[in-house]
Amino acid sequence: MLWTLIKLSNTYTDTIKMNVTYTNLSDDKILLGSQENIVEAQVKTTGFRMLRQKFFKSTVEVDLKKVNKFKEAETFYVLADDAINKHLYQETEILKVSPDTLFFKLGKNKTKEVPVVHQLALAFEKGYNLYDSLRIEPKTITISGPEDIVDAQKVVFTEIKQIEAINKDIELDVKLLKNDSLQRLTYNTEKVKAIAKVDKFTEGKLNIPLQVTNLPKGYSIKLFPKEVTVTFTANISDFDQITENDFSIFCDYKEVENTEASFLIPKLGKLPPKVKTYRIDTKKVNFLIKK
C-alpha cells in the first residue's frame, strides 16, 4: 500500500479521452453529417489526479454561438486550453489536444406535415367485417430535420402488424416506422391510433331487373331472363335498408353488335355503398332482337 501511494504521488504524462457535446444550436439550424464526439488531451499531472480523470470522463462543450465561420458551408471551432482546463482537476497541465480543431457543417432545419399510411392487415372472425373504413388519428404528423431529407419524405408508414380474430371495434396504438435513412428526422409523435367500427354482416339475395344499353334505334329486344339474382353481403345494421332499387344491372348490346353471339353479359351499373361484397349469379343472358 505504501509503495502504491508513493507511485500515485509521482507526476506522469498520459492521454485522457473527453466527450464533446454541442450546445446553443438555434432552432432553424441542424448539424449535418458526422461530428467529432471525442477529443484526446495529453496531460501531465500526479498519478492520483490522472487516475480520477480516467475513471470520471469529462465532457467538453462546444458553444455553437461562438464558432468561427470557415468557407460557406462549413464551420470550425478551435479548442482553446481554457475549454479543456475547466473540465480537468487542478494542477493538471495540458500538453496537446487532438484534434485541436473541430470541423462540422450547419444546415437548415426544416419542418413540414406528412400523411400517415398504415400497414395493418386485418383478419376478422367469421360473420364480422368493418362497418366503415379503418382510419388513422392523427392523419398527418409533423416531421423536422435536414432540409434535403424532409423534402424527400412524402409519407410516414406505420409498423407492419397483423390483427387476428377481430370481432369488436378497433382502437389501438400503432408505432411509426423510422428506418436507417430517417434516423435524423424528428417526429412530433412516435405513435398514432388505428380506429374502426366493426359489425356483424350477413348475406342477402335480390332479383334485379335487367337494362340494355346501346340498342340500335328502331329495334326491340327480349331478354331471357328479364332479371338476374345478385348475392351480396352487408352489415346487419344496414341490411334492412338495402333494396333492389339500390342496384342496377345492364347488358351492353354494343359488345355483341355485328357478331354471331347469342347471349349478353350482365354487368353492374350501380351498387349501394353499404354493400361489402357482391356477385351476379347469372353469367349469361340470352336475347332475341327484332326491328
d(Ile280 CD1, Phe247 CZ) to nearest 0.5 Å is 10.0 Å

**OP:** With Lys290 as the cation and Tyr219 as the aromatic partner, state whether NZ or CZ is under 6.0 Å from the six-membered ring centre and within 45° of the axis.
**Re:** no

Any side-chain heavy-atom pair of Ile249 and Val230 under 4.5 Å:
yes

Exercise for review: Answer yes or no: is there a donor N or O on one side and an acceptor on the other, between the side chain of Gln119 and the main chain of Thr158, under 3.5 Å?
Suggested key: yes

- Would you say the side-chain atoms of Tyr131 and Asp169 include a donor-acceptor pair closer than 3.5 Å? no

Going through the distances and angles, do Tyr187 and Thr142 end up as a side chain to side chain contact (heavy atoms under 4.5 Å, CB included)? CA-CA 6 Å; Tyr187 297 168; Thr142 302; over 6 Å; no

Notebook entry, point to check: So, Asp173 and Lys191, do they make that salt bridge, N to O below 4.0 Å?
Noted result: yes

Residue set satisfying ring pair (Phe, Tyr, Trp, His ring centres under 6.0 Å) with Phe287, at least two apart, ordered chain then number -> none

Donor-acceptor contacts under 3.5 Å from residues 260-271 side chains, at least two apart:
| residue | atom | partner | partner atom | Å |
| --- | --- | --- | --- | --- |
| Lys267 | NZ | Glu255 | OE2 | 2.3 |
| Lys270 | NZ | Asn245 | O | 3.1 |

**Study point:** side chain to side chain contact (heavy atoms under 4.5 Å, CB included) between Ile208 and Glu227, intermediate numbers included
**Key:** CA-CA 5 Å; Ile208 311 299; Glu227 58 183 24; 5.8 Å; no

Heavy atoms of Ala194 and Val174 approach each other most closely as CB-CG2, 3.9 Å

Between Ile170 and Leu172, is a side chain to side chain contact (heavy atoms under 4.5 Å, CB included) present by the stated rule, with each step listed?
CA-CA 6 Å; Ile170 299 169; Leu172 72 154; 3.2 Å; yes

Under a plain distance cut-off of 3.5 Å, with no hydrogens placed, do Gln241 and Lys274 share a side-chain donor-acceptor pair? yes

* Indicate whether the side chain of Lys205 and that of Thr231 have a donor and an acceptor atom separated by less than 3.5 Å. => yes

Using atom types as modelled and distance alone, determine if a side-chain donor or acceptor of Lys154 lies under 3.5 Å from a backbone N or O of Asp151. yes

Short question: side chain of Thr202, backbone of Ile236 - any donor-acceptor pair under 3.5 Å? no

message = For Lys139, is there an ion pair with Glu137 - N to carboxylate O distance below 4.0 angstrom?
response = no

OG1 (Thr189) and CD1 (Ile141) are apart, to the nearest 0.5 Å, by 7.0 Å

Check: Between Arg279 and Asp281, is the closest basic N to carboxylate O distance under 4.0 Å?
Finding: yes

